[in-house]
Protein chains: 2
Amino acid sequence: MRGTYEALCEHGYTELTAQDIADRTDKSKSLLFYHYDSKEDLLADFLEFLFERFDERVAETRDLSPVERLAVFVDWFLYGPEENDRQSFHVAMLELRTQAPYNEAFREKLRKGDDQLRAVLEEILRDGLAAGEFSEHDPEETAALLIAAFDGARIRQLTIGRDEYLEQVRTATATWVFDDLLAEGASFPADRDPSTLPETDQQHRLAADLGTEGGNGTGDPDDETNGADADGGDAAGDEPTERDRE
Amino acid sequence: MRGTYEALCEHGYTELTAQDIADRTDKSKSLLFYHYDSKEDLLADFLEFLFERFDERVAETRDLSPVERLAVFVDWFLYGPEENDRQSFHVAMLELRTQAPYNEAFREKLRKGDDQLRAVLEEILRDGLAAGEFSEHDPEETAALLIAAFDGARIRQLTIGRDEYLEQVRTATATWVFDDLLAEGASFPADRDPSTLPETDQQHRLAADLGTEGGNGTGDPDDETNGADADGGDAAGDEPTERDRE
DNA sequence: AGTCACTAACTGACTAGTTAGTCAGTGCGG
DNA sequence: CCGCACTGACTAACTAGTCAGTTAGTGACT
């Protein structure tokens, strides 16, 4: 799994060979086919693995207010282009997503991820409504809009290299959606500054930056270099904390 | 070019072989490599070809009011899932787009397409501002938001097969953006009904449905079965009217 | 303790299938 | 007879998946 993650980052999805994955492991390529019927099978299981971690990850922000959680959500989606590991992983995930129309297993997993992602955002919106923090609206449609807009911005940034999409869409949603959503003239917290994020999330971010390396030359052999966010835009996940199976 | 288009629709991008393209032609595969240095070269030229047609296509709506043009734009982007040929083509284009991070030529063409697309939408918005039809806003940011949202909705619909994204995002943008944008309480025209579209566009739509067939068994050999929209979400284009080169 | 039987994890070497790109040569219009 | 469009047959490279066989762990029986 960790090997799969690293191999994806390095080679992307279409250029990914079974050998590449095996190379990132101390095991052989044959073993992969001993455990899985095909390469696609393995990748489908990788998706499963990714999304399993999603919910616990979200739970960490449980104690925040709806507005704050919304801000974290936005920030998590629209992270800056400077996070290189995440970027190459997301490009690979994007490649994988585009294979979903041809692959029922992928489609099913991604649908599951989509459910999770939408559930999270809708819950934030509903909580906000209930708490009177947000003005009246349809959470389902609003969630769809936000996810589509953020996903679209990310995709265009990654594919054509137009970084400005991220900030423009961030600002535009703040103007058109959040300013109206927040009833009492409150403007939306521009959470870019990591220091406003809850501590657990900061740790995750930090870890995310190290993620791919999986233990640099210098470090304590014990440190948990995990947590690189793994989201195809259909939902997210972390990647291996300890060496999970093979 | 037409062969490339049809082959893309049928096989998608990753499964597309040079032979597939040649098969859609009365020429041989070798000829492709006589004209182009590589398959990617050919595809890059295909993108160029696509985007060349974009501007003329847009020009057809020149005489409409900004509000109407905006409605046409939305409709054009968020066409329904029943248009099968367009769908498979867009899936292929999406696959192609995800290769852009690895391919400078693709990236450059797609950037050009992005420029065109944004220019069109920004012009609509600016015209609307000037005509007093739209309330004050930043056309650049708004354009970015709309394109990202529509593109994202389309992508999620295509990849995970969730058709509802299209309508939800359509409704949500109407609620959050268009209702505010249209100063005088006017609600946004729900243009789903093709009969409200200008005639030229209708013709195009119709043609689009035939697009892939390229002359069914019955038809006049002379009829122009062209016009299937070709947009990777980075901009759009038609596809061959007459057999263009090779 | 020894050894036999059984199984699951694991491997290196191999194959079969695929495909981008090449090349030597053909036909033809001017 | 030149040069251009064009072709069929070929190859070189790559890779998913297979397979025959090795190793290591576990338990059971004597």
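Below, each value reflects all heavy atoms present in this structure, side chains not excepted, and no hydrogens, waters or symmetry copies. Per chain, numbering begins at 1; letters A, B, ... match sequence-line order.
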Test: Arg170(A) and Asp75(A) ion pair at under 4.0 Å:
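Here Arg170(A) pairs with Asp75(A) in a salt bridge, since their nearest N and O are under 4.0 Å apart.
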
Salt bridge (Lys or Arg N to Asp or Glu O under 4.0 Å) partners for Arg162(B), two or more places apart:
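Arg162(B) satisfies salt bridge (Lys or Arg N to Asp or Glu O under 4.0 Å) with Asp114(A), Asp115(A), Glu164(B) once adjacent residues are dropped.
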
With sequence neighbours excluded, what pairs up with Glu122(B) under the salt bridge (Lys or Arg N to Asp or Glu O under 4.0 Å) test?
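Salt bridge (Lys or Arg N to Asp or Glu O under 4.0 Å) list for Glu122(B), sorted by chain: Arg118(B), Arg126(B).
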
With sequence neighbours excluded, what pairs up with Gln99(A) under the side-chain hydrogen bond (donor to acceptor under 3.5 Å, both in side chains) test?
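Gln99(A): side-chain hydrogen bond (donor to acceptor under 3.5 Å, both in side chains) contacts with Thr14(B), Glu95(B).
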
Considering residues at least two apart in sequence or located in another chain, which fulfil the side-chain hydrogen bond (donor to acceptor under 3.5 Å, both in side chains) criterion with Glu10(B)?
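side-chain hydrogen bond (donor to acceptor under 3.5 Å, both in side chains) list for Glu10(B), sorted by chain: Arg24(B).
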
Phosphate-side-chain proximity, Tyr34(B) and dC6(D), N/O vs OP1/OP2 below 4.0 Å:
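Answer is no, no contact under 4.0 Å.
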
Using a cut-off of strictly less than 4.0 Å, decide whether His35(A) has a side-chain nitrogen or oxygen near OP1 or OP2 of dA8(C).
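Answer is no, no contact under 4.0 Å.
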
Nearest-Å distance, CG (Leu31(A)) to P (dG17(D))?
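One finds 15 Å between P of dG17(D) and CG of Leu31(A), rounded.
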
Atom pair distance, as rounded to whole Å: CD1 in Ile21(B) and C1' in dC6(D):
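For the pair Ile21(B) CD1 and dC6(D) C1', the rounded distance is 17 Å.
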
For Phe150(B), check ring-ring contact (aromatic ring centres under 6.0 Å, His included) against everything at least two apart and list the hits.
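Residues passing ring-ring contact (aromatic ring centres under 6.0 Å, His included) with Phe150(B): Phe77(B).
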
Starting at the 5' end of nucleotides 15-30 of chain C, put B wherever the base has a protein heavy atom under 4.0 Å, S where only the sugar-phosphate does, and a dash everywhere else.
----SBBB--------

